[in-house]
Amino acid sequence: MEIRKIHSWENLTLADAKSIQNNLARDIIVDGVSKNVNYIAAGDLAFSKDSTAFGAVVLMTYPEFEIVELHTGKERVRFPYIPGYLTFREAPLLLSLFEKLQIVPDLVMVDGQGIAHPRKMGLGAHIGLFLGIPTIGVAKSRLIGKYDEPKIEKGSWSWLTHKSEKIGMVVRTRKNVKPLFISPGNLIGFESALNWTLKCSIKYRIPEPTKIAHNTVTNFKKSQI
DNA sequence: GCGACAG
DNA sequence: ATCTTGTCGC
């Protein structure tokens, strides 16, 4: 699929990165319902001590969740992990893998925050701008925001707010497991982001596409060492 | 100044 | 994220 190269990833200082996030935040569209979803994609990365980043992107059918495409790749780590700047560490490799997709997905799930970010530009939102299709940020823990613990039943959720503004949802995808932190990335609304996350949460706490991408990159990393 | 802090 | 075995609970 085509990737919009909105800006360069080369030689960026933290100040450059922050400036990019502030500028791009204005282009994010938090709206859309995502009907007629036939293909869902997701990606994930793994790292090794020698500063190598491994990545995997998977494309599955909905609602069967059959794997149609699987792409893996690796590169040298180019940016450290700094809370709030995860994009600059993970997006380059992820985008190069999404670019290999022959089929354009109708929905993309990203491992990280969407707009639930200090500058409303988490990894999910940032990648959503480069892909130009509905993207959801699915994080396993909180970056910013306050919330009430959702009830233990599957499907129960509560709002994630920051400065009295709704920035995402805290969702229990299975009974008695730690909740997930969902927020719109780009071109999708809160309700749709929540609904699709639950529709994709079948066997595990993590949505099917993301889980498959995670397993794939874990195995790929093992095979490369 | 102090604590928090996606992966 | 990574390292790392067994083990407690639904």
Check the geometry between A:Tyr81 and B:dG7 and answer yes if their rings are stacked (centres below 5.5 Å, planes below 30°), otherwise no.
yes
Heavy-atom donor-acceptor pair, A:Thr135 side chain to A:Gly124 backbone, under 3.5 Å:
no
Between C1' of B:dC5 and CG of A:Leu160, the distance in whole Å:
14 Å
Short side-chain N/O contact from A:Arg142 to OP1 or OP2 of B:dC5, under 4.0 Å
yes
Please state how far atom CG in A:Asp44 lies from atom C1' in C:dA1, giving the value in whole angstrom units.
10 Å
Is the distance from the ring center of A:Phe181 to that of A:Tyr147 below 6.0 Å?
yes
Scan A:Phe79, A:Tyr85, A:Phe130 and name whichever one has a ring-ring contact (aromatic ring centres under 6.0 Å, His included) with A:Trp9.
A:Phe130
Without decimals, in angstroms, what is the distance between A:Phe54 CZ and B:dG7 P?
20 Å
Mind calculating the distance between NZ (A:Lys203) and C1' (C:dC10) to the nearest angstrom?
20 Å
Regarding A:Phe88, tell me which of base, sugar-phosphate or nothing describes its non-hydrogen contacts under 4.0 Å with the strands shown.
nothing
Between C1' of B:dA6 and NE2 of A:His126, the distance in whole Å
15 Å
Quick one: is the NZ or CZ of A:Lys211 closer than 6.0 Å to the six-membered ring centre of A:Tyr204, and within 45° of its axis?
yes
Please classify the nucleic acid contact of A:Gly137 as base, sugar-phosphate, or nothing, using heavy-atom distances under 4.0 Å.
nothing
Looking at the rings of A:His7 and A:His126, which for Trp means the six-membered one, are their centres under 6.0 Å apart?
yes
Between B:dA4, B:dA6, B:dG7, which nucleotide gets closest to the side-chain atoms of A:Gln113?
B:dA6
I'd like to know if the side chain of A:Glu153 pairs up with that of A:Ser156 as donor and acceptor (distance under 3.5 Å, no hydrogens or angles considered).
no
Counting any heavy atom closer than 4.0 Å, what does A:Lys175 reach on the DNA or RNA strands: base, sugar-phosphate only, or nothing?
nothing
OP1 or OP2 of B:dG7 versus the side-chain N and O atoms of A:Ser141: is any pair under 4.0 Å?
yes
Return the value, rounded to whole Å, for the distance between atom CZ of A:Arg89 and atom C1' of C:dA1.
7 Å
Can you check the A:Phe181 CZ to B:dA4 P distance for me, whole Å?
16 Å
The side chain of A:Leu86 lies closest to which of these nucleotides: B:dG7, C:dC10, B:dA4?
B:dG7
Could you state the atom-to-atom distance from CD of A:Gln21 to C1' of B:dA6 in whole Å?
12 Å
Please figure out whether A:Asn176 or A:Lys140 has its closest DNA chain C nucleotide nearer the 5' end.
A:Lys140
Under 3.5 Å, which N/O atoms of the protein pair with N/O atoms of nucleotides 2-6 of chain C?
unit_1	atom_1	unit_2	atom_2	d
C:dT2	OP1	A:Phe47	N	3.2
C:dT2	OP1	A:Phe47	O	3.4
C:dT2	OP1	A:Lys221	NZ	3.4

Could you check whether A:Ser192 and A:Asn195, counting side-chain N and O atoms only, form a donor-acceptor pair closer than 3.5 Å?
no
